Trainee: 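Take this structure first; my questions come after.
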Amino acid sequence: MQITVLAGGVGGARFVRGLLRTPAVADDPGSTVTVVGNTGDDITLVGLRVCPDLDTLLYTLGGGVDEEQGWGRAGDTREVKAELDALGVGPSWFGLGDRDLGTHLARTRWLGQGLSLSEVTDRLARRWGLPERQVRLLPATDTPIETHVVVDDEDGGERALHFQEWWVRHGARLPARRFTVAGLADAAPAPGVLEAIRSADVVLLPPSNPVVSIGIILGVPGVREALRGTRAPVVGVSPLLGGRPVRGHADACLAPLGVEVSAAGVAGLYADFLGGWLVDDADADATFPPRLPVRALDLLMRDEAGAARIAGAALDLAAELSPAVPVGDR
Ligand code: FO1
């Protein structure tokens with residue numbers, strides 16, 4: 001089975017890790033999981049290109065993530081960061097681990113040598129053993145893009161700051177007026193992205209942030225149209241449980257869009273291509289778009305087994321929706 005997942009952040013990475021444990025993938029060496037990762041979070045710091053969502057996917061799927069944080073490298077130290085702080089070279093609010101810096105140094109060197117972000121990501125994926133785990137990781141686009149957040153300034157006007165400054169430094173507490181993505185309108189999908197959607201047996205949307213993770217991938221020209229046109233069922237998992245995100249700040253991202261902060265509100269953002277929707281038991285009685293198949297279950301991903309249970313339920317729903325999806329081996 002060919003499964004394509006649009007993913008961003010910690011929730012996306014943990015969901016994909018669970019997906020790899022489902023029988024549909026683990027017991028079928030012919031199955032492949034293509035993950036299209038968000039690159040809107042990317043930022044250049046001290047001259048280094050940092051791709052947080054791609055790195056979270058690499059480290060989580062490769063067994064090297066700091067489990068407590070959900071991002072960064074397990075057992076990392078911050079010697080270089082401490083020295084940069086002592087030298088007054090910022091930003092001080094962004095934590096860069098020493099091992100993690102190795103990734104950013106290698107990526108920046110390879111990009112500087114003329115490799116595309118896809119080619120760089122492929123090298124990093126090999127370092128983390130992703131092909132052996134049946135995973136292909138593609139950035140949504142090779143075009144450099146950056147999500148910016150427009151907030152109020154002190155004079156009653158507005159100013160834009162990089163997504164990471166809003167998210168990490170301000171904890172998403174500065175009310176956002178809107179999100180803009182530099183470079184997105186002219187971005188091209190990375191090689192393989194549209195094909196992975198068009199030729200998939202199933203497309204899955206993990207419980208990733210619908211605005212600044214999945215929303216950015218959907219904004220890459222051609223991606224949304226490919227989802228509308230694919231023969232594969234598109235099944236999504238709500239990132240909101242009883243109207244609240246389990247982690248992250250999806251609520252702060254939905255408010256400026258005027259979208260209801262609920263599982264139904266998020267489903268509405270995907271209405272033009274969504275084939276099925278998994279929601280938490282807490283949302284079982286909510287009103288969803290008519291004719292949208294909705295299944296309720298416990299959506300709390302407590303551990304890898306929990307993530308596998310949720311991913312399996314998404315594949316079950318896909319099998320209900322499409323005769324092409326094999327039943328009984330999830
Ligand atoms: N998140 C934080 O809350 N604080 C940090 O200092 C931080 C550093 C960081 C460094 C590398 C990396 O790959 C991720 C990092 N994150 C950090 C996570 C990241 O800011 C966000 O969670 C994602 O971009 C949102 O998906």
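Here the structure is a predicted model, which is why all the values come from computation and not from measurement.
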Trainee: Step by step, work out the side chain to side chain contact (heavy atoms under 4.5 Å, CB included) result for Leu218 and Leu227.
Mentor: CA-CA 9 Å; Leu218 295 177; Leu227 284 161; 3.3 Å; yes
Trainee: Decide if the gap between the ring center of Phe94 and the ring center of Trp167 is smaller than 6.0 angstrom.
Mentor: no
Trainee: Is the backbone of Ala74 close enough, under 3.5 Å, to the side chain of Arg99 for a donor and an acceptor to pair up by distance?
Mentor: yes
Trainee: Can you see which heavy atom on Gly248 is nearest to which on Pro245, and at what distance?
Mentor: O-CG, 3.9 Å
Trainee: Does Ser92 form a side-chain hydrogen bond (donor to acceptor under 3.5 Å, both in side chains) with Asp85? I'd like the steps, not just the answer.
Mentor: CA-CA 6 Å; Ser92 58; Asp85 287 347; 5.3 Å; no
Trainee: Does a donor on one side chain sit under 3.5 Å from an acceptor on the other, for Glu79 and Thr77?
Mentor: no
Trainee: Any chance you could measure Ser199, atom OG, to Arg231, atom CZ, to the nearest 0.5 Å?
Mentor: 7.5 Å
Trainee: Set out, in order, the CA-CA distance, both residues' side-chain angles and the distance that settles side chain to side chain contact (heavy atoms under 4.5 Å, CB included) for Leu130 and Arg136, then state yes or no.
Mentor: CA-CA 7 Å; Leu130 267 54; Arg136 198 163 61 119; over 6 Å; no
Trainee: Does Val151 reach the side chain of Val149, with side-chain heavy atoms less than 4.5 Å apart?
Mentor: yes
Trainee: With a 4.0 Å cut-off on N to O distance, would you call Asp298 and Arg302 a salt bridge?
Mentor: yes
Trainee: Are Glu119 and Arg107 ion-paired here, with the side-chain N under 4.0 Å from a carboxylate O?
Mentor: no
Trainee: List the residues meeting side chain to side chain donor-acceptor pair (under 3.5 Å) with Asp76, not counting sequence neighbours, and say none if there are none.
Mentor: none
Trainee: From Arg126 CZ over to Glu132 CD, what is the distance, rounded to the nearest 0.5 angstrom?
Mentor: 8.5 Å
Trainee: For the CG atom on Asp285, are there more than 12 heavy atoms of other groups (residues, nucleotides or ligands in this structure) within a distance under 6.0 Å?
Mentor: no
Trainee: May I ask you to decide if Asp41's main-chain N or O and Gln164's side chain share a donor-acceptor pair within less than 3.5 Å?
Mentor: yes
Trainee: Taking atom CZ of Arg309 and atom CG of Leu300, what is their separation to the nearest 0.5 Å?
Mentor: 8.5 Å
Trainee: Should Glu67 and Arg73 count as an ion pair when the cut-off is N to O under 4.0 Å?
Mentor: no
Trainee: What is the minimum heavy-atom distance between Ile310 and Leu299, and which atoms define it?
Mentor: CD1-O, 3.5 Å
Trainee: Taking Asp251 first and then Arg244, would you say they form a salt bridge - that is, a charged N and a carboxylate O separated by under 4.0 Å?
Mentor: no
Trainee: Would you please test Asp98 and Lys81 for salt bridge (Lys or Arg N to Asp or Glu O under 4.0 Å) and show each step?
Mentor: CA-CA 8 Å; Asp98 296 324; Lys81 171 80 170 66; over 6 Å; no
Trainee: Test of understanding: clusters of I, L, V, M, F, W, Y form through side-chain heavy atoms closer than 4.5 Å, transitively. Do Val266 and Leu297 belong to the same one?
Mentor: no
Trainee: Is there side-chain contact between Ser238 and Trp277, with heavy atoms separated by less than 4.5 Å?
Mentor: yes
Trainee: Can Tyr59 be reached from Leu96 by stepping across I, L, V, M, F, W or Y side chains whose heavy atoms are under 4.5 Å apart?
Mentor: no
Trainee: Quick one: does Ser118's side chain have a donor or acceptor within less than 3.5 Å of a partner on Ala190's backbone?
Mentor: no
Trainee: Would you list the pairs meeting ring pair (Phe, Tyr, Trp, His ring centres under 6.0 Å) in which at least one residue belongs to residues 219-238, sequence neighbours left out?
Mentor: none
Trainee: Do Leu194 and Leu137 sit in the same hydrophobic cluster, where Ile, Leu, Val, Met, Phe, Trp and Tyr count as joined when their side-chain heavy atoms come under 4.5 Å apart?
Mentor: no
Trainee: Within the side chain of Asp66, is there an N or O that forms a donor-acceptor pair under 3.5 Å with the backbone of Trp71?
Mentor: no
Trainee: Keeping the roles fixed (side chain from Ser322, backbone from Ala319), state whether a donor-acceptor pair exists under 3.5 Å.
Mentor: no
Trainee: So how far is it from Leu240 CG to Asp280 CG, rounded to the nearest 0.5 Å?
Mentor: 10.5 Å
Trainee: Between Arg295 and Leu317, is there a donor-acceptor pair closer than 3.5 Å when you use the side chain of the first and the backbone of the second?
Mentor: no
Trainee: Can Arg228 and Asp272 be counted as an ion pair, charged N to O under 4.0 angstrom?
Mentor: yes
Trainee: Any idea which heavy atoms bring Gly183 and Thr143 closest together, and the distance?
Mentor: O-CG2, 4.3 Å
Trainee: Please set out all donor-acceptor pairs under 3.5 angstrom arising from side-chain atoms of residues 1-12, sequence neighbours excluded.
Mentor:
residue, atom, partner, partner atom, Å
Gln2, OE1, Thr32, OG1, 2.4
Thr4, OG1, Ala196, O, 2.6

Trainee: For residues Ile145 and Ile216, determine if any side-chain heavy atom of one lies less than 4.5 Å from a side-chain heavy atom of the other.
Mentor: yes
Trainee: Just wondering, do Arg21 and Glu304 contact through their side chains at under 4.5 Å, heavy atoms?
Mentor: yes
Trainee: Has the side chain of Asp283 got a donor or acceptor atom that lies under 3.5 Å from a matching backbone atom of Ala286?
Mentor: no
Trainee: Heavy-atom distance under 4.5 Å between the side chains of Phe163 and Ile43, does that happen here?
Mentor: no
Trainee: Would you name the heavy atoms of Leu254 and Pro210 that are closest together and state the gap between them?
Mentor: CD2-CG, 4.1 Å
Trainee: Would you say Gln134's side chain and Val25's backbone share a donor-acceptor pair under 3.5 angstrom?
Mentor: yes
Trainee: Do the side-chain N and O atoms of Asp55 and Thr103 include a donor-acceptor pair separated by under 3.5 angstrom?
Mentor: no
Trainee: Between Thr44 and Arg49, does the side-chain hydrogen bond (donor to acceptor under 3.5 Å, both in side chains) criterion hold? Intermediate values first, please.
Mentor: CA-CA 5 Å; Thr44 301; Arg49 193 64 177 160; 2.9 Å; yes
Trainee: Rounded to the nearest 0.5 Å, how far apart are CG of Leu205 and CG of Leu274?
Mentor: 6.5 Å
Trainee: Is the closest side-chain heavy-atom distance between Ile214 and Asn209 below 4.5 Å?
Mentor: no
Trainee: Check this for me: Arg109, atom CZ, are more than 12 non-hydrogen atoms of other residues, nucleotides or ligands nearer than 6.0 Å?
Mentor: no
Trainee: Answer yes or no: is there a side-chain heavy-atom contact under 4.5 Å between Val235 and Leu315?
Mentor: no
Trainee: Show your reasoning for whether side chain to side chain contact (heavy atoms under 4.5 Å, CB included) applies to Val193 and Val220.
Mentor: CA-CA 10 Å; Val193 167; Val220 174; over 6 Å; no
Trainee: Distance-only, no hydrogens or angles: does the Glu165 side chain make a donor-acceptor pair with backbone N or O of His162 under 3.5 Å?
Mentor: no
Trainee: Could you pull out the closest heavy-atom pair between Ala176 and Trp166, with the gap in Å?
Mentor: CB-CZ2, 4.0 Å
Trainee: Quick one, Leu174 with Arg159, criterion side chain to side chain contact (heavy atoms under 4.5 Å, CB included). Give me CA distance, side-chain angles, the key distance, then yes/no.
Mentor: CA-CA 11 Å; Leu174 292 180; Arg159 67 186 173 102; 4.0 Å; yes
Trainee: With rounding to the nearest 0.5 angstrom, report the CG to CG distance, Leu257 to Leu269.
Mentor: 6.5 Å
Trainee: Main chain of Leu57, side chain of Trp128: is a donor-acceptor contact present, judged purely on distance under 3.5 Å?
Mentor: no
Trainee: For a quick test of reading the model, state the closest non-hydrogen atom pair linking Val202 to Ala318 and the distance between them.
Mentor: CG1-CB, 3.7 Å
Trainee: Would a single hydrophobic cluster contain both Phe15 and Leu241, if residues Ile, Leu, Val, Met, Phe, Trp and Tyr are joined by side-chain heavy-atom contacts under 4.5 Å?
Mentor: yes
Trainee: Can Trp110 be reached from Val50 by stepping across I, L, V, M, F, W or Y side chains whose heavy atoms are under 4.5 Å apart?
Mentor: no
Trainee: Is the shortest side-chain heavy-atom distance between Asn38 and Ser208 below 4.5 Å?
Mentor: no
